[in-house]
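Because the structure is a prediction, the values reported are computed rather than measured. First listed ligand is number 1; within each ligand, the first listed atom is number 1.
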Amino acid sequence: MSSVVGPDVAQERAAFYERIDRNSMTPLWEVLSSLVPPQPRSPLQAALWHYASLREHVMEAGRLITAEEAERRVLILENPALRGRSCITQSLYAGLQLIMPGEVAPAHRHTQSALRLVLDGEGAYTAVDGERTTMRRGDFIITPAWTWHDHGNLGREPVVWLDGLDIPIVRFLDAGFAEKSEQLSQGQTRPEGDALARYGANMVPVDYQPKPAEPTRVFVYPFERTRASLKAIAGGAPNAHDGFKLRYVNPATGASPMPTIGAFAQWLPAGFETRPLRSTDGTVHVCLQGGAEVRVGEQVWQVEENDVFVVPSWHTVQLRAQRDTIFFSFSDRPVQQALGLWREERL
Ligand code: GTQ
């Protein structure tokens, strides 16, 4: 409310606000326009993390604490405008996890859903509900809500990946549960590749009837397959705003792999520049291949392999690929779409 009133009225109102304040009440008209803004005004900042410094810091963490002691040895990427809240957007968490040769990150489960994007090193695995998958660079791996998971490194190199979780969503809903397993590592009840063979080959078990919001049983989307698909379609005409962009799905339903997090893979041919685009889902991006100039609002960044950046809700983004470039990205888009809130504007 911005109308000008005389000093008497202003004083009377202020005294009234103070009186009701003692009763935990406050007037709507003083805050209405910020509660129902004409369009999103995200308090978040667009931010970029170069992998070179991420790696340096996470390796230092590797000298200071073991994976078992930490339970998860992760450095959280916090949005600079929301320090202390453990989130990269209002709804999503991101962190960089390191596992050293011979280490185990013990088995646990929680109602928060997680994704991993493997960035660096070979020889680690993630186990999800009794099945292991070997982690290779660019692989997109999920651990849906309440699935048992542990990580281990049987190789000779440190392995680093990006974690994305819906921690802020579950916190907002006060719906977080977690438990630790008695076993450090889960026993293997299915051979590696079982889920991909059963659910990820354009077939499903004959009696399988997934519920609409059920997360996918395919818990690994190998980068080799993603890159092959992108490369195959990149021979055609690019979309002006997307280049060549695919979304990851639960192959049994066509919905997002997990109900709270959507994930995408995008190919931009060398020299291609996307038209400006904005959407209501604040999005975390990772450059998996190539290099690009990234414009978010007025900011311009040079982005190289494994660099991570976040574009807040309703901020305009534009990408100019200097080489054939692949971006992985994730956001809360399926939540917004389920609630009828998601919007985008193609400029
Ligand atoms: O790997 O289970 O970054 O539970 C944060 C919480 C990773 C995990 C995170 C977790 C995990």
Parallel, tilted or perpendicular, as decided by the 30° and 60° cut-offs, for the rings of H110 and H108: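 Perpendicular.
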Test: E122 and R137 ion pair at under 4.0 Å: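 A salt bridge is absent here (no side-chain N lies under 4.0 Å from a carboxylate O).
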Full working for side chain to side chain contact (heavy atoms under 4.5 Å, CB included) between R55 and H50: CA-CA 9 Å; R55 184 181 157 91; H50 285 296; over 6 Å; no
Quiz: residues 256-266 side-chain donor-acceptor pairs under 3.5 angstrom, not counting sequence neighbours:
| from | atom 1 | to | atom 2 | distance (Å) |
| --- | --- | --- | --- | --- |
| S256 | OG | M258 | O | 2.6 |
| T260 | OG1 | D166 | OD2 | 2.7 |
| Q266 | NE2 | D242 | O | 2.8 |

Exercise: identify the closest heavy-atom pair between L196 and P222: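 Here L196 and P222 meet closest at CD2-CG, 3.9 Å.
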Check ligand 1 for N or O atoms under 3.5 Å from a protein N or O and list each pair with its distance.
| from | atom 1 | to | atom 2 | distance (Å) |
| --- | --- | --- | --- | --- |
| ligand 1 | 1 (O) | R72 | NE | 2.9 |
| ligand 1 | 1 (O) | Q97 | NE2 | 3.3 |
| ligand 1 | 1 (O) | R116 | NH1 | 2.9 |
| ligand 1 | 1 (O) | R116 | NH2 | 3.4 |
| ligand 1 | 1 (O) | H151 | NE2 | 2.9 |
| ligand 1 | 2 (O) | R72 | NE | 2.9 |
| ligand 1 | 2 (O) | H108 | NE2 | 2.8 |
| ligand 1 | 2 (O) | H149 | NE2 | 2.8 |
| ligand 1 | 3 (O) | Y93 | OH | 2.7 |
| ligand 1 | 3 (O) | D163 | OD2 | 2.7 |
| ligand 1 | 4 (O) | H108 | NE2 | 3.1 |
| ligand 1 | 4 (O) | H110 | NE2 | 2.8 |

Within the 6.0 Å centroid threshold, strictly below: Y208 and Y199: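 Close enough - the centres of the two rings lie under 6.0 Å apart.
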